[in-house]
There are 2 protein chains.
Amino acid sequence: MARTPFAAMLPLFLLLAALCATASAASHPHPLDPLSPAEITAVRSAVLASPLIPARPLTFHYVGLDEPDKPDVLAHAAARHSATRRRTVVEPNNALPRRAFVIARAGRASHELRVDVTDASSPSVLSHAVHAAGHGFPTLTLEEQFDAVALPPKHASFVDSVRRRGVAMDDVLCAVFPVGWFGGAGTKRVAKMLCFVAGGTANFYARPIEGVTMVVDLDEMAIVEYRDRVRDPVPKAEGTDYRARKAGAPLAGPEPPPGVVVQPEGSGVHIDGNVVRHVLILYLLLLLRFSLFFLSTPHSIWWANWEFHVGFDMRAGTVISLASVLDPDSGARRRVLYRGFVSEVFVPYMDPVEEWYYRTFLDAGEYGLGLWAFPLQPGADCPSNAAYLDGYYAGQDGKPVHNENMICVFERYAGDVAWRHTEAGFPGQLITEVRPDVTLVVRMVVSAGNYDYILDWEFKTSGSIRFVVSLTGLLEVKGAPYTHADQIKADAHGTLVAENTLAIYHDHYVTYHLDLDVDGTTNSFVKNFITAKRNSGNPTTGGAPTPRRSYWTVRREVAETEADGRVDIDSKPADLLFVNPGKKTRMGNEAGYRLVPSGATAASVLAADDFPQRRASYSRTQVWVTPYNRSEKWAPGVYADQSAGEDGLAVWSARNRRIRNEDIVLWYTLGLHHIPYQEDFPVMPTLSGAFELRPSNFFERNPILRARAPSDGAHSQNCSCSVR
Amino acid sequence: MARTPFAAMLPLFLLLAALCATASAASHPHPLDPLSPAEITAVRSAVLASPLIPARPLTFHYVGLDEPDKPDVLAHAAARHSATRRRTVVEPNNALPRRAFVIARAGRASHELRVDVTDASSPSVLSHAVHAAGHGFPTLTLEEQFDAVALPPKHASFVDSVRRRGVAMDDVLCAVFPVGWFGGAGTKRVAKMLCFVAGGTANFYARPIEGVTMVVDLDEMAIVEYRDRVRDPVPKAEGTDYRARKAGAPLAGPEPPPGVVVQPEGSGVHIDGNVVRHVLILYLLLLLRFSLFFLSTPHSIWWANWEFHVGFDMRAGTVISLASVLDPDSGARRRVLYRGFVSEVFVPYMDPVEEWYYRTFLDAGEYGLGLWAFPLQPGADCPSNAAYLDGYYAGQDGKPVHNENMICVFERYAGDVAWRHTEAGFPGQLITEVRPDVTLVVRMVVSAGNYDYILDWEFKTSGSIRFVVSLTGLLEVKGAPYTHADQIKADAHGTLVAENTLAIYHDHYVTYHLDLDVDGTTNSFVKNFITAKRNSGNPTTGGAPTPRRSYWTVRREVAETEADGRVDIDSKPADLLFVNPGKKTRMGNEAGYRLVPSGATAASVLAADDFPQRRASYSRTQVWVTPYNRSEKWAPGVYADQSAGEDGLAVWSARNRRIRNEDIVLWYTLGLHHIPYQEDFPVMPTLSGAFELRPSNFFERNPILRARAPSDGAHSQNCSCSVR
């Protein structure tokens, strides 16, 4: 009998031993790892236990990593890198503190706290401040939006409005919309609510109940204003659904056949070892339900000549840090990007009427991109060879929430070419060299209400990083009396996409914060202007004695201060580069990375004194450059909801600080003026805009010159699939 | 003994029967098929037999399809379409004439001929004219370039120049460069030749013999001018090669693993039946060497909801015709594009010095894009699931030349999303619908000397066509005395990319001729200007009584004449559309397709009076719209070599013809200002620019709304590869 318990216990002992090993590995996370569930729990405990904020209820609106100071992170990364190469674990005395930044609401005030969770079992509040001066409120929580939308069906005036429109209340669903700021004092944390007839379709937004303005005080959780101004028709449900079985019979015509990417030699993506090495333990732990507290989602990625760290933030979504590329000549890793993320998504609508004028969204600051990212669908959102990373965020009560499949990582085999040349100039021979292109995509999808933003970071072996934003999802539409465009006599501010359905004009501005560190932190911002010149034809005046009358040359301008860092890319042709003046190639050219736009270069045309434009004035031009400042993250400012433009990128930049030979940050905005068309309804075919950061004199020569040529047998491999 | 011959003959009888069946199928080609080898042979015979051009030698510089009149082609296409649906062969009395347009040189003149080859066994010359008025010469032949570059090694002055530079003549190779036009009479058909030290490297252009100007009279085939002006260093060979075994040791770091696209249900691409149905006969015929005369390369393609015809022209390369998309609602095929091709590639260099000022290439008109397309490498240029189409062109002697693998066609599985939405607004449920995107790529690569242009036409099931130009290949470099950028004191007109190697600044302008027929031939060109408005706040003046101060709306302008059709896309934000005013949706919106640029929107900054700019003045702005005219194909005019700008797109457009409610053509130019960087050397990583033609109120709603959702098992298929 004595032996049986022991025999039974042995696996458990082994399990516990492995668990401890895993836990100890997990207790030395990367300093930029997002807060783990255990850390989020610790933050909550510390905040709720603190005497600094006695008021209740206390709601958590933002909990994110308060990353260590940049010099410390860089030193740690350098040490970690050599440790990794030696296959050792970073020593505990190299570990950086783990801290959280928290914005909580309590007692009708916004509280900022810094919490130390280096030892998650005994966290401590390091600092506390109340956001007293200035406008604005933190990100709305999911829970308060759920609570708010439960109010209208119990609100007598709304019940009446619904009845008068001949709609069943059971079919009505509401959503919360930020009010923006239009010159008021902004002391109440209010929002508006819009309601839709959502029975009989999955298209939540297609059948709006127009003409109703409803203001909810989120702190009181009560409707404080109500107006039913005009009754427009509710568009019908027919034709609005997009679900497979509800959208109608499958297409009659032929569709493309399925295709699967097969990697005969396996995946080339290496994600740091926690999950990979301990798959069995993970399985067992899941059975024992320990996993959530002891294992973190792995976040360091190595692929081809790239390494980087991927994080997840409830406001920014994907955060890419410490992206470095291998130099084929020196064998050294060279930094390209310290930290990059989407800082804001500004979506102003263009109808000035009562029920639409305030729809001027700041989706990151008001809603949270990470909060509104939903699980990716394998085999649909990402191909079959993708790996997935989970995310955690703090709920309104401060407890960690687990979100599966937030980010996928996959190698893309699009059939593109990395470089090639065919040389026909050698008599009697044709020389051809081709290198196919394989890239790495890191993808997240944010479904912030009606729109879906597919946000891709694409790493190329050539050293480029390509950023792609793909728009899809649902339009915001307005109920209208029109059933044909000929009936429209005045400006309708939109396109009639279906009966009684106006899709309102709007813009999208997706702003990236990109702290480029081109081979080091001290960089400059250079504009290589394409400058037309006349050929004088006279050698004594610098001309050439030929009949050519003109040409262009490069006028190189180095930005001195932030005023020089604001660039309208469509104004004058120029190459825009981030360079390291202290790192020159053997030929003496400054190592750099240049910005190559690829569509979506719109800039806002709203009046400078218009309220939404004051709140997001950075949208007036695509490029801004600022000196690095750890507090300058969010383009409209920290408190985006009801912000008044007193903080944020345009305000910082107006300080006109020095950006030459400094640690500088690029803010790049992809912009789109969206005139809707019928094809965008009921759900929009993807429309993409992109830009590339491309090495330019960063390398001595083409960094993939010596890439392996495809083997002769590569295309004659015998590949097939059997359906399981 | 009698039986044996019969038994032996039976297979041959069967073969001949099948051969006749094949031949008769091939004798009803598509009216837009490129000339077959038999037809090219017939053209040659007719021209050489004609008494109209007695002078000899007679050289063929252009032989291409003289396509039937558009109304006849459209009628034929309609009849063919119903025949195809009924699975019958188009009756002979529906067949359109087969004609060729020829430009030949003889007696120091350029001769234009039209030749009828409807019956290839008895062709006839229909018309003949001599290009007497105006500048310019036809495309250079490959053969005369080969002949010309054999001259320098036998030219005493050049032998001396080479010796004085300490180079072995055996290592020297030359190439022919067009002289352009710089104000002269242009009566002699001359070109220049540049020579390079090409021993020890496959990089033909990396080691130029600078300072030498050599003029060759192509009609005399003799060097008529020679100047050795200055002796600059010849760059060394080391580091210039790009061949796999010559470029250096393979990359030390990890590279992406291989990936193969597997289509478990097979390919979805249908190419018209000639080859597919007669594979066995083709094999036998190849043995019998009949194939070249009796089988044509198939040219009609059906894929998903698209059908189109693909042709091959020695000047334009790929020609896409009669592209139509299936309307999911009506089940009808609707026309989008009548005929599209790359009309010209203008590449002006920016160094006004003697040896560089004239490098202002018109790659299509001077060299021929089809002539300089080389066989695609399977598994490298195109993925493993690609199909290939061959091309034929006429050599200088008029005989057909077979070029394998000119165009590839493949389904692309890039892991992109066609449309998606996640809806979180329904309490207690998360609705997610995702449709992965599969597209069809039609690709050709033109290696016109140093540069490689990867030219893609991408068809999307959403009804979009995406045009992508990817630049790669070799830079044109100039030998210089500099070994470090610090030594450069004056404008060097380029980047020092290696020792003694200046990569000269230049532009690329790739101009597309796109005869859009949006649901029919009568179209208009509409500009939807994004127009900022002030909200007066006063309902009596059209304002809304809200605090919103501004918004934008659409000011719609229909182009009346060609002056309205010239658009600088970066000047004022606007959606640019081709619409069919006679085809409206149920909602009353005009069916249209819009132009969505995606990078590469540069326009030429050369002076309007500068000679290269006069020859390609259309490069000053990206968009031109003209009324359809079958003779208006080539943007710089028919005779591009030494053209003086008297013909071509800018000249036609200046006639200011009506383009409203007309059959109109879009000319769109992708432009790039190229400041070279060290990464571009010795071979350039691909840089892409693109634009999209996107349905906009063409369909009643999203045309792929009812696309099949990916099956649950799609991503769990068990796929693997075994290496043969």
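Just so it is clear: chains get the letters A, B, ... in the order the sequence lines come, proteins before strands, and each one is counted from 1.
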- Message: Can you confirm whether B:Thr461 sits close enough to A:Glu255 that some side-chain heavy atom of one is under 4.5 Å from a side-chain heavy atom of the other?
- Response: no

- What part of B:Ala602 gets closer than 4.5 Å to chain A, counting heavy atoms only: side chain, backbone, both or neither? neither

- Query: Which one of A:Asn589, A:Asn697, A:Asp575 satisfies the side chain to side chain donor-acceptor pair (under 3.5 Å) criterion with B:Tyr677?
  - Reply: A:Asp575

- Does the A:Glu679 side chain pair with the main chain of B:Pro703, one donor and one acceptor, at a distance under 3.5 Å? no

- Relative to chain B, which segment of A:Ile530 carries a heavy atom at a distance below 4.5 Å: side chain, backbone, both, or neither? side chain

- Applying a strict 4.5 Å limit to non-hydrogen atoms, the region of B:Ile454 in contact with chain A is side chain

- Run the numbers on A:Val683 and B:Glu433 for side-chain contact (heavy atoms from CB on, under 4.5 Å), then give the verdict. CA-CA 10 Å; A:Val683 59; B:Glu433 294 283 339; over 6 Å; no

- Under 4.5 Å from any heavy atom of chain A - which part of B:Asp437: neither

- Message: Can you tell me which portion of B:Ser462 sits under 4.5 Å from chain A's heavy atoms? Options are side chain, backbone, both or neither.
- Response: side chain

- Query: Side chain, backbone, both or neither: which part of A:Asn385 has an atom under 4.5 Å from a heavy atom of chain B?
  - Reply: neither

- Message: Given heavy-atom pairs under 4.5 angstrom as the criterion, report whether the side chain, backbone, both or neither of B:Glu411 touches chain A.
- Response: side chain

- Message: Please determine whether a side-chain nitrogen of the Lys or Arg among B:Arg412 and A:Asp416 lies less than 4.0 Å from a carboxylate oxygen of the Asp or Glu.
- Response: yes

- Report yes if the side chains of A:Ser447 and B:Thr432 come closer than 4.5 Å at any heavy-atom pair, otherwise no. no

- Message: For a side-chain contact (heavy atoms from CB on, under 4.5 Å) check, start with the C-alpha distance between B:Asp610 and A:Arg548, then their side-chain angles and the critical distance, and finish with the verdict.
- Response: CA-CA 7 Å; B:Asp610 198 1; A:Arg548 181 73 176 266; 3.3 Å; yes

- Message: Which atoms of B:Gln377 are under 4.5 Å from chain A, going by heavy atoms: the side chain, the backbone, both sets, or neither?
- Response: side chain

- side-chain contact (heavy atoms from CB on, under 4.5 Å) assessment of A:Met587 paired with B:Phe681: CA-CA 12 Å; A:Met587 288 301 106; B:Phe681 191 78; over 6 Å; no

- What residue in A:Asp491, A:Asn305, A:Ile675 has the most heavy-atom pairs under 4.5 Å with chain B? A:Ile675

- Item | Heavy-atom closest pair, residues B:Ala607 and A:Ser550 | N-OG, 2.9 Å

- Item | Contact winner vs chain B - A:Val438, A:Val434, A:Asp680, heavy-atom pairs under 4.5 Å | A:Val434

- Message: Quick check: closest heavy atoms across B:Pro258 and A:Tyr413, and the distance to 0.1 Å?
- Response: O-OH, 3.4 Å

- Message: Give me the atom names and distance for the closest heavy-atom approach of B:Pro710 to A:Gly379.
- Response: CB-O, 4.1 Å

- Item | Any side-chain heavy-atom pair of B:Leu173 and A:Pro427 under 4.5 Å | yes

- Query: What pair of heavy atoms forms the shortest contact from B:Arg701 to A:Pro682, and how long is it?
  - Reply: CB-CD, 4.3 Å

- Smallest separation among heavy atoms of B:Thr546 and A:Pro352, with atom names: OG1-O, 2.7 Å

- Item | Ring geometry between A:Trp552 and B:Tyr505 (parallel below 30°, tilted from 30 to 60°, perpendicular above 60°) | parallel

- Item | Per-residue contact mode, A:Leu440 against chain B (heavy atom under 4.5 angstrom) | neither

- Item | Partner chain B: residue of A:Arg420, A:His484, A:Arg243, A:Lys460 with the largest heavy-atom pair count (under 4.5 Å) | A:Arg420

- Task: Search all heavy atoms of A:Arg435 against all heavy atoms of B:Tyr242 and return the closest pair with its distance.
- Result: NH2-O, 3.9 Å

- Query: Side chain, backbone, both or neither: which part of A:Thr553 has a heavy atom under 4.5 Å from chain B?
  - Reply: both

- Whatever's closer than 4.5 Å to a heavy atom in chain A on B:Glu499 counts as both

- Message: Has A:Gln263 got a side-chain atom pairing as donor or acceptor with B:Gly259's backbone, closer than 3.5 angstrom?
- Response: no

- Checking heavy atoms, do the side chain of A:Thr495, its backbone, both or neither come under 4.5 Å from chain B? side chain

- Given A:Pro573, A:Gly268, A:Ala418, A:Ala175, the one with more heavy-atom pairs under 4.5 angstrom with chain B than any other is A:Ala418

- Item | Region of B:Thr422 in contact with chain A, defined by heavy-atom distances below 4.5 Å | both

- Query: Based on non-hydrogen pairs under 4.5 Å, which of A:Val445, A:Val497, A:Ile704, A:Asn535 is most in contact with chain B?
  - Reply: A:Val445

- Query: Measuring heavy-atom distances to chain A, does B:Phe374 have an atom under 4.5 Å in its side chain, in its backbone, in both, or in neither?
  - Reply: side chain

- Task: Could you check which of A:Ala709, A:Ala490, A:Ala498 has the highest count of heavy-atom pairs closer than 4.5 Å to chain B?
- Result: A:Ala498

